[in-house]
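One structure below.
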2 protein chains.
Amino acid sequence: MSKINGTGYVILGLLSVQSNLSGYDMRKGIEQSVGYFWGESYGQIYPTLKALTAQKLIKPAEAKRAGRKRQEYAITEAGRERLHAWLALPFHNDPPRNEFLLKLFFGAQAAPGVALEHVRDLQERNRRALETLDAIEASVPKDAPPNPNLPYWMLTLSLGRAFAVAALEWGESAMKMLAELEASGARTKRRPATKAK
Amino acid sequence: MSKINGTGYVILGLLSVQSNLSGYDMRKGIEQSVGYFWGESYGQIYPTLKALTAQKLIKPAEAKRAGRKRQEYAITEAGRERLHAWLALPFHNDPPRNEFLLKLFFGAQAAPGVALEHVRDLQERNRRALETLDAIEASVPKDAPPNPNLPYWMLTLSLGRAFAVAALEWGESAMKMLAELEASGARTKRRPATKAK
DNA sequence: TGGGTCATGTAATAGGTTACATGATTGC
DNA sequence: GCAATCATGTAACCTATTACATGACCCA
């Protein structure tokens with residue numbers, strides 16, 4: 001029983017929910033569902049499909065969506081068990097790497113206005129993220145056939161939402177702080193700066 | 001002018017704030033300052049120090065802290081400029097990978113109680129994170145010599161704090177939701193489960 | 001004298017992105 | 001006929017962690 005990495009488990013997860021997906025489907029599916037907290041490239045997906053097949057955790061399935069030449073897959077019983085076991089394991093807090101925070105941390109070394117500009121940029125990104133999350137949430141039909149996955153999907157959405165909202169609130173006060181800071185810095189250290197690009 | 005990666009910029013950043021650091025110092029320093037949003041291993045640091053030296057962005061400095069054999073470094077003027085330029089560049093939202101959310105997303109495929117257990121685990125981790133952040137914030141002397149970096153450092157702390165608080169609040173409601181969900185699932189689908197480990 | 005921590009480094013391995021190559025099919 | 005998108009795959013490269021090797025110094 002050799003090792004599987006994150007990519008392998010996303011694939012097993014997707015196939016446990018819906019059968020007969022191709023590598024291409026998976027990439028698209030990941031973007032549209034777990035996209036905001038998980039990404040995969042084809043360079044990871046295709047080799048992993050081979051590896052999972054070799055381990056009999058998934059198996060090639062006959063194409064239901066015919067037309068184009070495509071290889072679809074289905075999860076095996078062994079695959080389901082493997083996923084099940086993995087889900088029960090404690091999660092890793094993966095190595096956190098936040099470039100925004102790094103740049104902010106060294107903000108005093110930057111040109112005036114730079115830190116503030118980054119915060120504005122972050123605000124913009126979070127506003128857009130919030131819109132996207134809300135749109136997804138709104139797109140869920142209220143009277144759809146009961147789907148046991150839905151409650152879990154909604155929870156991930158709402159955590160994403162909570163993070164975006166928290167960041168936006170923080171951003172408001174951060175922008176005030178930085179504006180004051182740079183105003184006073186300009187008074188004491190340099191003549192009033194022209195607007196920094 | 002060849003490329004520098006994140007590791008390189010952290011090193012430049014640290015050396016721009018404080019001179020005469022060794023590779024060992026940097027690793028420790030990173031853990032204690034930017035640790036909650038950035039990590040580096042020796043396997044990255046030492047080779048990067050060589051590369052930065054070769055590019056004359058840092059230079060070996062005579063050890064001020066004598067005693068043990070150690071190689072200290074200082075930033076060069078070119079290094080400062082390079083850091084300065086990088087700080088002004090827009091930040092990347094690096095590939096997001098959140099194993100907790102992934103496991104929650106596939107929660108319906110897990111054994112009863114598993115998702116709830118993960119949320120409990122998350123709560124615990126965030127409580128500890130919050131304590132740590134608060135302790136750091138409290139440890140800042142109020143009447144210290146004015147440090148231009150402090151405001152920026154405080155901002156990073158407060159964003160970390162905001163995330164932890166938001167996650168804790170989300171966790172409370174998520175736990176309620178999951179408890180209800182699994183109770184109703186137990187009524188309809190299986191006899192009341194004994195507590196899952 | 002021995003454990004802890006300071007200190008530097010490398011090799012093996014894993015994990016991942018990007019860019020490229022290739023071609024079929026669909027719909028306009 | 002042509003553009004978009006469906007579809008699969010590989011090679012080059014970068015980034016990073018882990019484990020190991022090595023040894024000095026501090027202090028109890």
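Scope of the values below: all heavy atoms of this structure, side chains included, with no hydrogens, waters or symmetry mates. Lettering follows sequence order; numbering is per chain, from 1.
- In this structure, the OH atom of A:Y46 is 17 Å from the P atom of C:dT22, given to the nearest Å.
- The distance from atom CZ of A:R27 to atom P of D:dC6 is 12 Å, rounded to the nearest whole Å.
- A distance below 6.0 Å separates the ring centres of A:F163 and B:F163.
- For A:Y24 and D:dC6, the shortest distance from a side-chain N or O to OP1 or OP2 is below 4.0 Å.
- With 3.5 Å as the limit, one finds a donor-acceptor pair spanning the side chains of A:W170 and B:S158.
- Note on B:K50: a side-chain N or O is less than 4.0 Å away from OP1 or OP2 of C:dG9.
- The residue A:S22 sits close only to the backbone: its heavy atoms come under 4.0 Å of sugar-phosphate atoms, none of a base.
- Note: CD1 (A:I45) to P (D:dC6) measures 14 Å, nearest angstrom.
- Ring geometry, B:H118 versus A:F91: the interplanar angle exceeds 60°, so the pair is classed perpendicular (tilted spans 30 to 60°).
- Nucleotide D:dT17 holds its C1' atom 14 Å from the CG atom of A:N5, rounded to whole Å.
- Of the two residues near DNA chain C, A:Y42 and A:I4, the one whose nearest nucleotide lies more 5' is A:I4.
- Regarding B:W38, its CH2 atom lies at a distance of 11 Å from the C1' atom of D:dT15, rounded to whole Å.
- If you measure from atom CD of B:E40 to atom P of D:dT17, you get 6 Å, rounded to the nearest angstrom.
- Rounded to whole angstrom, the span from the CD atom of B:Q44 across to the P atom of C:dT8 amounts to 17 Å.
- Atom CD in B:E31 sits roughly 14 Å away from atom C1' in D:dT17 (whole-Å rounding).
- Donor-acceptor pairing under 3.5 Å is lacking for the side chains of A:Q71 and A:S22.
- For the OP1/OP2 pair of D:dT5 and a distance below 4.0 Å, the side-chain nitrogens and oxygens of A:K28 include no atom meeting the criterion.
- Heavy atoms of A:G23 sit under 4.0 angstrom from primed sugar atoms or phosphate atoms, though from no base atom.
- Residue A:T7 places no side-chain N or O under 4.0 Å from the OP1 or OP2 atom of C:dG15.
- For A:R127 and A:E131, the salt-bridge test fails: no basic side-chain N is under 4.0 Å from an acidic carboxylate O.
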